[in-house]
Q: 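The structure under discussion is supplied below as structure tokens; questions concerning it will follow.
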Number of protein chains: 2
Amino acid sequence: MSASSVRDVALRAGVSVGTVSNVLNHPEKVSPSAVERVQRAIDELGFIRNDAARQLRNGRSRTIGMVVLDVRNPFFTDLARGAEDEAAGSGLMVTLGNSDENPAREATYLDLFEQQRVYGMVISAYADITERLIRLKQRGIPAVLVDRSSPDGEFSSVSVDDLAGGRLAVDHLISLGRRRLAFVGGPMGIRQVADRLEGARAAVAAHPDVSLEVIEIDALSVLAGRAAGADIVGRAPALRPDAIFAANDLVSMGLLQAFAMQGADVAVPGQIALIGYDDIDFASAAVVPLSSIRQPSALIGKTAVEILLAEVQDPSSPPRHVVFQPELVVRASTQA
Amino acid sequence: MSASSVRDVALRAGVSVGTVSNVLNHPEKVSPSAVERVQRAIDELGFIRNDAARQLRNGRSRTIGMVVLDVRNPFFTDLARGAEDEAAGSGLMVTLGNSDENPAREATYLDLFEQQRVYGMVISAYADITERLIRLKQRGIPAVLVDRSSPDGEFSSVSVDDLAGGRLAVDHLISLGRRRLAFVGGPMGIRQVADRLEGARAAVAAHPDVSLEVIEIDALSVLAGRAAGADIVGRAPALRPDAIFAANDLVSMGLLQAFAMQGADVAVPGQIALIGYDDIDFASAAVVPLSSIRQPSALIGKTAVEILLAEVQDPSSPPRHVVFQPELVVRASTQA
DNA sequence: TGATCGTATTGAATCGATTCAAAGAAGAAC
DNA sequence: GTTCTTCTTTGAATCGATTCAATACGATCA
């Protein structure tokens, strides 16, 4: 009926609990005959280790806690996938929490992971969590920030150069001859968004005849993009931008939907050239295949876990910062 | 340095460990002054409950384990999202494991969840896991199957009528006047795939002049769809189907990509009408907005957790089976 | 036969939160 | 002043796996 414990297994196999534990964790220390008997007892009883008890004793779980801004964004699932694969190589598991760009949800997951004494955390942060990171460090729980470097460089991070990404995108739009640019993204509190905008501004600054309008939205979602697109469609044609840089691909897909909608008929790229960010799989399959800025998503996740593992090995090692360079991917949405 | 325990808190607050625990779990049983002192001690020490110890004592964790076939499929993240929201209402958390249609990965996650003595499981199964479900029931861990009903009805499930979905899709294609249909999907071991095909066959059976070709692929992904699409493009036009029912939207998007590719130029729906399954957000934003069969994904997840909670309340209750009806969504990919 | 060394096994102690029977404290009633 | 109630607080026992010092067992050699 109820689950059996090492004690039951020991009883059945005619050995002590210590031996059972050794069979499970250090089989080389146990005589072959004992291993065999214990193994049989385990099978017969259907014994399954109680992870809580192991953890309690070991002081640390075999799970890596990961918090991302939005599980519905393929960029983050790719990221998670990369992390998961790397973790699996060391017998670790990744549990995924979705903050949905909500500080309360983010805090809930981080609290939970702390209570679970996770092996480490990989965090795509929304709010400023510096204090928590300090506490984690004191407690010996390593954390790696992804897609964002820590303000003071105190904590390891894996990120992509979002300024460069912003520049790449906007330089490309300008090279097409577009002059009335717009940036659609938000909330500005998200560092990636702010950085991409800053990169865009830098690129624009070099061209006195180019303007950059900033259209702030409250979430990086298809829905928010569609709403912003509807706004633009509602303007007199002369007041519309002739090129848009969207803070990510979900937003650019939303924009595209609004532009392609019956009655809207804003030609992309004819009237408005459109470029997004992340280069998610779906971007290439959009109504008009979308240009984008590609990030090595799975690699970012993998690298984050590598750093985590290294920090567990040597907790006193200095924080590492890996910055990947983004890449321009040109598709129909920005081709004359 | 190291984390503090209830004992430390008790010492600092000048009370016993029992009182500290009561403050945490049954504050109404403790005098206000004690609550206040304990609370202060907790804050000062930065005390964080050790979940492993709680679980060990309670015998069950506050986490629901969920295994899905593919986290990159928005259908499943929507499902997870629905489950998560419902669970949060009862102070539970959902951890997500991605089996990737791989029996070994699936088993690994299920093992892990058993070791963790999860509160319950929500499983979108790939392999036949009947034996495990029986064991779980014996151990008192409720499990709910999603998007698939158990063979013998022994275990609770929440599913969508995939036969009806298959019929809906194919009836629609036939009503457009198409006669040379194809079904693209696989592996056939996945019940949903088999059922959708069966529904399709049933619909075709009523029309002697309609044929249904089955094109089996090895995964329900964009990539596999693209490959199948390339195959079709490579055929002489007369040998191509004039309508395709894809087992899910990822596959249909892959097909569409292949058809729209430079040099392919297969008109959708002109030469080939195309309908998918799941109605993921991205389907409506595709090159040609995709018709699809809609499933109430978030609702499925929510319902699964509701059933789970009810089974924990009353373990002896009979298994419940909820079946939702799918819905046809017509878009440009099947409009003359 | 006894001493010595190496390997195998034992089982009590431990991790930290929760529970619950028992004890204590403070009032109320007579 | 004593007896009852009611409300708080206490702390030992518990959950189950792991660890490690202590012990047992065998084999080897003098």
Side-chain angles (χ1 to χ4, degrees), chain A residues 1-39 41-42 45-63 111-112 114-118 139-140, chain B residues 1-39 41-42 45-63 91 111-112 114-119 139-140:
Chain A
M1 183 96 201
S2 85
S4 43
S5 71
V6 276
R7 189 157 294 120
D8 303 317
V9 172
L11 214 65
R12 176 140 196 151
V15 298
S16 73
V17 293
T19 299
V20 173
S21 178
N22 279 333
V23 169
L24 293 170
N25 301 295
H26 312 282
E28 77 284 357
K29 290 187 172 175
V30 183
S31 71
S33 83
V35 170
E36 206 265 340
R37 265 178 303 149
V38 169
Q39 206 48 261
I42 287 176
L45 292 171
F47 166 76
I48 289 176
R49 260 146 118 158
N50 184 322
D51 212 45
R54 300 186 71 190
Q55 260 186 60
L56 175 58
R57 183 62 230 239
N58 292 331
R60 143 172 302 175
S61 97
R62 302 287 303 165
T63 291
D111 284 348
L112 210 97
E114 271 193 80
Q115 290 179 15
Q116 295 182 341
R117 307 290 193 267
V118 291
R139 287 173 179 275
Chain B
M1 184 95 201
S2 85
S4 41
S5 71
V6 275
R7 189 157 293 121
D8 303 319
V9 173
L11 215 65
R12 176 138 194 153
V15 297
S16 73
V17 292
T19 299
V20 174
S21 178
N22 279 332
V23 169
L24 293 170
N25 300 295
H26 312 283
E28 76 284 358
K29 291 187 173 176
V30 183
S31 70
S33 84
V35 170
E36 205 265 342
R37 264 178 304 151
V38 169
Q39 207 47 264
I42 287 175
L45 292 172
F47 166 77
I48 290 177
R49 257 147 124 159
N50 185 324
D51 213 44
R54 299 187 71 190
Q55 259 186 61
L56 175 56
R57 184 62 230 245
N58 293 331
R60 145 171 299 175
S61 97
R62 303 287 303 164
T63 292
D111 284 348
L112 210 98
E114 271 192 82
Q115 291 179 16
Q116 294 182 342
R117 305 291 193 268
V118 291
Y119 193 83
R139 287 172 178 276

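Just so it is clear, the values below take in all heavy atoms, side chains as well, and ignore hydrogens, waters and symmetry mates.
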Q: Can you check the A/Asn50 CG to C/dA17 P distance for me, whole Å?
A: 16 Å
Q: For the side chain of A/Arg54 and the base of D/dT18, is some donor closer than 3.5 Å to an acceptor across the two?
A: no
Q: Is the phosphate of D/dT9, meaning OP1 or OP2, less than 4.0 Å from a side-chain N or O of B/Ser31?
A: yes
Q: Whole angstroms only, please: what is the CD-P distance between B/Gln115 and D/dG16?
A: 15 Å
Q: For A/Thr63 versus A/Val118, what's the shortest heavy-atom pair and its separation?
A: O-CB, 3.4 Å
Q: D/dT8 C1' sits how many Å from B/Asn22 CG, rounded?
A: 9 Å
Q: If the cut-off is 4.0 Å, is A/Thr19 near the phosphate of C/dT10, judged by side-chain N/O to OP1 or OP2?
A: yes
Q: On DNA chain C, does the nearest nucleotide to B/Leu56 precede the nearest nucleotide to A/Val15 from the 5' side, or the other way round? Give the residue.
A: A/Val15
Q: In whole angstroms, how far is the C1' atom of C/dG16 from the CG atom of B/Leu24?
A: 12 Å
Q: Give one of base, sugar-phosphate or nothing for B/Val20, where a contact means two heavy atoms less than 4.0 Å apart.
A: nothing
Q: Distance check needed: C/dT9 P versus A/Arg37 CZ, whole Å only.
A: 7 Å
Q: What is the distance, rounded to the nearest whole Å, between atom NE2 of B/His26 and atom C1' of D/dT9?
A: 14 Å
Q: Would you mind classifying the nucleic acid contact of B/Gly59 as base, sugar-phosphate or nothing, using non-hydrogen atoms under 4.0 angstrom?
A: nothing
Q: OG/A/Ser16 to CG/A/Asn22 distance, rounded to the nearest 0.5 angstrom?
A: 8.0 Å
Q: Mind checking B/Asp51 for me? I need base, sugar-phosphate or nothing, with any heavy atom below 4.0 Å counting as a touch.
A: nothing
Q: Which whole-number value in Å describes the distance from B/Asp8 CG to C/dC15 P?
A: 11 Å
Q: Closest-nucleotide mapping onto DNA chain D: is B/Ala34 or A/Asn58 further toward the 5' terminus? I mean the 5' end.
A: B/Ala34
Q: Please tell me which of A/Ser16 and A/Arg7 maps to the more 5' nucleotide of DNA chain C, matching each residue to the nucleotide holding its nearest heavy atom.
A: A/Ser16
Q: May I have the distance from A/Gln55 (atom CD) to D/dA17 (atom C1'), rounded to whole angstrom?
A: 12 Å
Q: Just to be sure I understand the rule, does A/Ser21 reach a base, reach only the sugar-phosphate, or reach nothing, if contact means heavy atoms closer than 4.0 Å?
A: base
